[in-house]
Novice: 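Here you go, one structure.
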Amino acid sequence: MASPRNILAHRGMSTLAPENTMPAFELLTKYGVRWLETDLGITKDEHVVVLHDDYLDRTTSGSGPLTDIMFNDLRQLDAGSWFDSEFTGVKVPTLDELIDFINRSKVNINIELKAVIGPNANRLADSLVKQFAAALDRLNPDSRVIISSFNPLMLLKMQQLKPALEYAVLFEDHTFYDDWTLIMQATGAQIIHPQSEHLTRGTVQQMKDYGYEVNVWTVDTIDRANELFNWGVDGIFTDIAQSFPPHHQKGAPRYGKFLTTWF
Ligand code: G3P
Ligand code: MG
């Protein structure tokens, strides 16, 4: 039986174009990449947009928290020139633009719900998941969707609206404690997304023994990808999805008993 081993483009093709922008998404098609990972946040006036950081400073020409800016002001910002002048004028994408891209490209998607910050965090988080749930209703059913978060409360909020979706909990190396099974069981998540650093074969085996799908982040060398796949992980998030040949991204050969070079 073929075992899936998925290559997820982390924030889009994020070493070829500015992360989490439409140019970074459009490049998936060029390289035959089947999975996109991206992040959602929300503005002060409750527009859901694609942004990794809580703050605008690193990846846009703006500054301060995303939850402090109005949408019309956000859309005036430049989210491309920090990466390369070739991308000057690229905007922070909206949730609708993201959904349109998925429907057009038919890629599979892992959408990460970023925890919302600031004095109105809980209200804004409710608004984010409500709008996200509505947007998913117009998604082409051919794309597989995984909803993930580091924050179990974001997952629980989303599950109240969309209980039948696939959910994943993200763990950082330094937040991965022995209570990880409690968090997985309490959220009802079927998928676990551990950080690659210090992840061992034994821990992967434990996760698999519990029956979880395991997708590891962020894996930016071919050697580590090979090692993880030989340990039985199902997918990796990578900033260099262009380095994994397209014919390796769609199906998978049999898992062998011995070390296999996957790429
Ligand atoms: O979802 C995998 C990875 O994106 C989690 O970390 O900080 O890049 O969103 P981060
Ligand atoms: Mg992410």
Side-chain angles (χ1 to χ4, degrees), residues 5-22 24-25 27-28 33-42 48-60 65-67 79 82-83 92-93 95 98 101-102 107-117 125 128-129 132 143-155 158 165-176 180 183-184 187 189-199 203-204 207 212-221 224-225 228-229 233-241 244:
R5 50 200 175 88
N6 297 317
I7 306 296
L8 295 94
H10 181 232
R11 309 179 198 171
M13 305 297 280
S14 56
T15 49
L16 301 178
E19 67 177 58
N20 281 338
T21 63
M22 295 314 298
F25 299 163
L27 281 170
L28 268 81
V33 179
R34 302 296 310 142
W35 276 91
L36 169 65
E37 187 270 352
T38 190
D39 311 281
L40 289 186
I42 188 165
V48 179
V49 295
V50 175
L51 196 78
H52 175 272
D53 295 2
D54 294 335
Y55 292 81
L56 300 163
D57 304 59
R58 183 179 61 89
T59 59
T60 79
L66 173 65
T67 49
W82 69 272
F83 183 85
V92 171
L95 174 57
L98 174 64
F101 166 74
I102 303 164
V107 296
N108 302 305
I109 178 106
N110 170 205
I111 299 188
E112 182 186 341
L113 299 174
K114 287 298 181 192
V116 180
I117 64 167
L128 193 166
V129 296
F132 181 34
S143 291
R144 188 178 160 205
V145 180
I146 298 175
I147 314 294
S148 66
S149 188
F150 285 106
N151 188 319
L153 294 176
M154 294 300 293
L155 294 181
M158 188 69 193
L165 293 178
E166 293 187 81
Y167 288 92
V169 182
L170 279 153
F171 289 92
E172 285 183 89
D173 171 43
H174 70 274
T175 61
F176 188 79
W180 69 270
I183 297 169
M184 292 300 291
T187 55
Q190 312 89 341
I191 308 165
I192 187 162
H193 288 177
Q195 189 171 7
S196 175
E197 278 71 13
H198 305 123
L199 184 66
T203 304
V204 169
M207 292 167 174
Y212 295 122
E213 176 177 325
V214 181
N215 301 313
V216 180
W217 61 277
T218 303
V219 181
D220 282 347
T221 67
R224 180 61 168 164
L228 290 165
F229 284 127
V233 311
D234 301 279
I236 58 152
F237 300 87
T238 182
D239 297 316
I240 53 164
F244 294 85

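One-based numbering, in listed order, for ligands and for the atoms of each. None of these values were measured; they are calculated from a predicted model. Each residue takes its place number in the sequence, starting with 1.
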Novice: Where do Ile236 and Phe229 come nearest, in terms of heavy atoms and distance?
Specialist: CG1-CZ, 3.9 Å
Novice: Just to be sure I understand the site: which N, O or S atoms from the protein are less than 2.8 Å away from the Mg ion (ligand 2)?
Specialist: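 Glu37 OE2, Asp39 OD1, Glu112 OE1, with waters left out.
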Novice: State, to 0.1 Å, how close Met184 and Thr187 come at their nearest heavy-atom pair, and which atoms those are.
Specialist: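 Scanning both residues, the minimum pair turns out to be O-OG1, 3.1 Å.
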Novice: Give the atom numbers and elements of ligand 1 that come within less than 4.0 Å of a heavy atom of Arg11.
Specialist: 7 (O), 8 (O), 10 (P)
Novice: Do Asp239 and His10 meet the criterion of a side-chain donor-acceptor pair at a distance under 3.5 Å?
Specialist: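 Yes.
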Novice: List every atom of ligand 1 that sits less than 4.0 Å from any heavy atom of Phe150, numbering the atoms from 1 in the order shown and giving each element.
Specialist: 5 (C), 6 (O)
Novice: For Ala225 versus Phe244, what's the shortest heavy-atom pair and its separation?
Specialist: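 Here Ala225 and Phe244 meet closest at CB-CE2, 3.7 Å.
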Novice: What's the shortest heavy-atom distance between Glu19 and Ser14, and which atoms?
Specialist: CB-CB, 3.9 Å
Novice: Under 3.5 Å, is there a donor-acceptor pair between the Ser143 and Asn108 side chains?
Specialist: no
Novice: Asn20 and Asp39: side-chain donor and acceptor closer than 3.5 Å?
Specialist: yes
Novice: Just heavy atoms, cut-off under 4.0 Å: does Thr218 contact ligand 1 by side chain, backbone, both, or neither?
Specialist: neither
Novice: Can you tell me how far apart CZ (Phe176) and CD1 (Ile183) are? Round to the nearest 0.5 Å.
Specialist: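 Those atoms lie 9.0 Å apart.
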Novice: Using a 4.0 Å cutoff against the non-hydrogen atoms of Lys114, which atoms of ligand 1 qualify?
Specialist: 7 (O), 9 (O), 10 (P)
Novice: Please confirm whether the ring centroid of Phe150 lies under 6.0 Å from the ring centroid of Trp217.
Specialist: yes
Novice: For atom 8 (O) of ligand 1, which candidate among His10, Glu37, Glu172 provides the closest heavy atom?
Specialist: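 Ranked by closest heavy atom to atom 8 (O) of ligand 1, first place is His10.
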Novice: As an exercise, identify every atom of ligand 1 less than 4.0 angstrom from a heavy atom of Asp39.
Specialist: 9 (O)
Novice: Under a 4.0 angstrom heavy-atom cut-off, which atoms of ligand 1 come close to His52?
Specialist: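 Those atoms are 7 (O), 8 (O), 9 (O), 10 (P).
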Novice: Specify the closest pair of heavy atoms between Phe25 and Thr38, including all atoms of both residues, with the distance to one decimal.
Specialist: CZ-OG1, 3.5 Å
Novice: What is the closest protein heavy atom to atom 5 (C) of ligand 1, and at what distance does it sit?
Specialist: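 For atom 5 (C) of ligand 1, the nearest protein heavy atom is Glu112 OE1, 3.5 Å.
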